[in-house]
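This one's a predicted model, so the numbers in the text were calculated from it and none came from an experiment.
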Amino acid sequence: MSTPAVVQKMNLLEKRLNVQLFVRNTHGVTLTPAAGIEFIQWSRQIIFDCQQAEKALGKYQQKLFLHLGI
């Protein structure tokens, strides 16, 4: 993803949540002390939960393929 696309996604996310997640300055971008850090913690949990769900569903996919003889 290109830098302008990432910036656009970040801006859209902040608008959607109606909160500033990132501090932008001439030195780059950092997370805001409260909102950004809390958001990243929730994001990590969501990613972990999705990975666990994929693993669980993967077991069923393997059983389905075996049952169908694929």
Side-chain angles (χ1 to χ4, degrees):
M1 188 179 281
S2 67
T3 302
V6 171
V7 170
Q8 184 180 20
K9 294 285 186 183
M10 289 168 43
N11 290 337
L12 288 172
L13 181 60
E14 287 181 321
K15 277 187 178 183
R16 181 175 181 191
L17 297 173
N18 195 31
V19 68
Q20 183 180 0
L21 299 172
F22 308 98
V23 175
R24 297 155 182 87
N25 59 39
T26 56
H27 301 291
V29 177
T30 58
L31 293 172
T32 58
I37 292 169
E38 185 167 340
F39 182 78
I40 208 76
Q41 291 170 346
W42 280 101
S43 299
R44 287 182 178 140
Q45 183 63 48
I46 290 167
I47 290 168
F48 175 79
D49 291 343
C50 288
Q51 290 169 339
Q52 295 304 309
E54 286 176 358
K55 285 180 186 177
L57 291 176
K59 295 174 189 176
Y60 292 106
Q61 290 173 339
Q62 291 171 0
K63 289 179 184 177
L64 178 63
F65 291 146
L66 291 174
H67 179 71
L68 296 174
I70 298 174

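Both I40 and V29 are assigned to one and the same hydrophobic cluster, defined by single-linkage of ILVMFWY side chains at heavy-atom distances under 4.5 Å.
Scanning all heavy atoms of the two residues, the minimum distance from F22 to L31 falls at CE2-CD2, 3.8 Å. Considering every non-hydrogen atom in both L17 and L21, the closest pair reads CD1-CD1, 3.8 Å.
F39 has its side chain out of reach of V19: every pair of non-hydrogen atoms, C-beta onward, lies at least 4.5 Å apart.
Within the structure, salt bridge (Lys or Arg N to Asp or Glu O under 4.0 Å) pairs that include any residue of residues 33-52 do not occur (at least two apart or interchain).
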Please report, to 0.1 Å, the donor-acceptor pairs under 3.5 Å made by any side chain of residues 5-12, with sequence neighbours excluded.
residue	atom	partner	partner atom	Å
N11	OD1	R24	NH2	3.1
N11	ND2	V7	O	3.3

